[in-house]
2 protein chains.
Amino acid sequence: MLKKRRFMQKVVGIFVFDDIEVLDFCGPFEVLSVTRLDESKRLESLSPFDVKLVAMTKDVIFTKGNMKIIPDFDFKTCPKLDILIVPGGMGTRKLMYDERVLDFISKKANEVELLTSVCTGSLILASAKLLDGVNATTHWKSLQRMEDEFKNVKVCKDKHYVEDGNIISSAGISAGIDMALYIVKRYFGENVSRATAKHMEYPYLEENKRRIEI
Amino acid sequence: MLKKRRFMQKVVGIFVFDDIEVLDFCGPFEVLSVTRLDESKRLESLSPFDVKLVAMTKDVIFTKGNMKIIPDFDFKTCPKLDILIVPGGMGTRKLMYDERVLDFISKKANEVELLTSVCTGSLILASAKLLDGVNATTHWKSLQRMEDEFKNVKVCKDKHYVEDGNIISSAGISAGIDMALYIVKRYFGENVSRATAKHMEYPYLEENKRRIEI
């Protein structure tokens with residue numbers, strides 16, 4: 001039984017980099033790694049998602065606020081992914097012009113079944129031209145920049161996360177939690193998603209509208 | 001100006017350990033490291049909190065879900081703290097009976113101006129007898145255990161976080177975010193706390209009651 005579930009796990013890669021915003025990647029990490037298909041068997045079962053951190057190199061990552069984390073894979077060793085999550089943070093400002101990053105993200109975008117971003121991670125996707133003609137969003141303080149710099153992106157200001165086919169982008173920082181809960185819902189239904197939120201004592205997003213006044 | 005603020009920073013230690021729940025420590029880490037006293041000077045200023053991860057040894061920590069993090073200090077090198085945060089997770093189950101941990105927490109409890117816990121981190125505080133006669137809470141699935149095992153704790157089931165003098169405990173996992181926003185409010189007022197939540201696009205807790213139905 002355990003073997004079967006392990007075999008069925010979706011492999012999720014979260015791209016990590018220096019000056020990444022902590023909750024941008026830890027929110028989705030938490031949601032997707034604590035999800036259980038059967039809440040009553042939480043302790044003896046695995047998440048249907050296998051979540052890994054992927055960085056450009058194997059060096060220690062220094063997040064915003066200087067938490068030190070060790071990536072699981074670098075660009076070269078990264079396994080085939082089912083889902084890619086691109087988080088945001090100040091570190092995106094230069095990465096969105098780094099060809100090695102744009103190449104990696106573009107290559108993975110062709111491979112995954114679901115491409116997602118949190119916060120200003122959307123600017124990396126936009127810079128890689130993956131959001132051309134796509135409804136998408138970003139941190140509320142970066143919406144104007146997204147509009148100005150990426151004319152082909154259909155910038156969406158009123159939703160907390162935006163799904164457009166197989167691309168889901170989300171609003172700022174904590175919105176990655178809500179987006180991840182939506183990923184759970186998309187794959188395994190609303191009951192599993194709600195049970196995950198309840199386990200986390202997190203207020204489930206009843207209506208997908210931006211949670212702050214811009 | 002920057003020097004003065006650095007001098008005034010509150011030093012926050014977050015206790016980390018193997019099998020710690022990721023959002024339990026990353027939630028407060030995010031909130032306290034992105035707080036700014038003047039939102040309009042966010043980019044050129046520091047948080048009034050200096051947040052550090054403290055572990056029993058300097059070994060790499062493997063969280064629940066296997067994120068690998070490097071602590072800033074071990075028990076021996078840990079500097080004087082103003083605030084101690086004790087997060088939860090499956091790892092607490094054996095640590096709450098480990099004398100080295102109880103000794104460290106007890107020593108720090110005498111030193112800090114604010115002692116806090118997230119989720120089942122409260123069980124460690126209870127085991128160290130720091131919650132005797134104190135109103136406190138924990139993850140909703142551990143409330144009964146707290147009542148059964150620690151008869152002297154005044155277990156509180158209806159609040160999302162519980163403040164009793166200089167001890168603040170919180171409900172499960174994501175409640176650490178709300179507790180940390182309350183710490184910001186306690187030190188620097190509601191406006192600064194609300195601005196921090198808005199920066200994170202996080203729904204500010206308008207009323208301190210448990211966010212899920214038990």
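So that the names make sense, note that chain A is the first sequence line, chain B the second, and so on, each numbered from 1.
Between the side chain of A/Trp140 and the main chain of B/Lys198, a donor-acceptor pair closer than 3.5 Å is present.
When heavy atoms are compared at a cutoff of 4.5 Å, B/His160 approaches chain A solely by way of its side chain, counted from C-beta outward. Interface residue B/Glu213: only backbone heavy atoms are found under 4.5 Å from chain A. In this structure, the portion of B/Ile212 lying under 4.5 Å from any heavy atom of chain A is its side chain and not its backbone. In this structure, the portion of B/Phe29 lying under 4.5 Å from any heavy atom of chain A is its side chain and not its backbone. Using a 4.5 Å cut-off between heavy atoms, A/Asp50 does not touch chain B at all. Neither the backbone nor the side chain of B/Arg194 comes within contact range of chain A; no heavy atoms are under 4.5 Å apart. At a 4.5 Å heavy-atom cutoff, B/Lys52 makes no contact with chain A through either its backbone or its side chain. Within the 4.5 angstrom heavy-atom criterion, no atom of B/Asp178 approaches chain A. For B/Leu32, no part lies near chain A; criterion is any non-hydrogen pair under 4.5 Å. In this structure, chain A has no heavy atom under 4.5 Å from any part of B/Phe49. With a threshold of 4.5 angstrom between heavy atoms, B/Val60 approaches chain A through side-chain atoms but not through N, CA, C or O. With a 4.5 Å cut-off on non-hydrogen atoms, A/Val34 touches chain B through its side chain but not through its backbone.
Shown here is A/Lys76, whose NZ atom has no more than 12 heavy atoms of other residues, nucleotides or ligands within 6.0 Å. Within a 6.0 Å radius of NZ in B/Lys68, other residues, nucleotides and ligands contribute more than 12 heavy atoms. Atom CZ of A/Arg100 has 12 or fewer neighbouring heavy atoms from other residues, nucleotides or ligands inside a 6.0 Å radius. No more than 12 heavy atoms of other residues, nucleotides or ligands lie within 6.0 Å of CG in B/Asn191, so this atom counts as exposed by the packing criterion.
Distance check: B/Thr196 OG1 to A/Ile173 CD1 gives 10.0 Å after rounding to the nearest 0.5 Å. From A/Ile69, atom CD1 reaches atom CG of B/Leu53 across 11.0 Å, with rounding to the nearest 0.5 Å. Remark: B/Ser170 OG to A/Glu201 CD distance equals 9.0 Å, nearest 0.5 Å.
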query = Taking it one step at a time, do A/Glu30 and B/Lys64 satisfy side-chain contact (heavy atoms from CB on, under 4.5 Å)?
reply = CA-CA 9 Å; A/Glu30 171 74 25; B/Lys64 189 99 174 83; over 6 Å; no

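For chain B, the option among A/Met90, A/Met200, A/His139, A/Arg211 with the highest count of heavy-atom pairs below 4.5 Å is A/Met200. For chain B, the option among A/Glu21, A/His199, A/Arg210 with the highest count of heavy-atom pairs below 4.5 Å is A/His199. Per-residue heavy-atom pair counts under 4.5 Å with chain A were compared for B/Ala197, B/Gly172, B/Ser33, and the maximum is reached by B/Gly172.
In summary, B/Glu39 and A/Lys141 engage in a salt bridge, as defined by a charged side-chain N under 4.0 Å from a carboxylate O.
Residues B/Leu23 and A/Leu23 meet the side-chain proximity criterion, which asks for heavy atoms closer than 4.5 Å. B/Ile70 is listed as a side-chain neighbour of A/Ile70, based on a closest heavy-atom distance under 4.5 Å. The closest side-chain heavy-atom distance from B/Cys26 to A/Met67 is below 4.5 Å.
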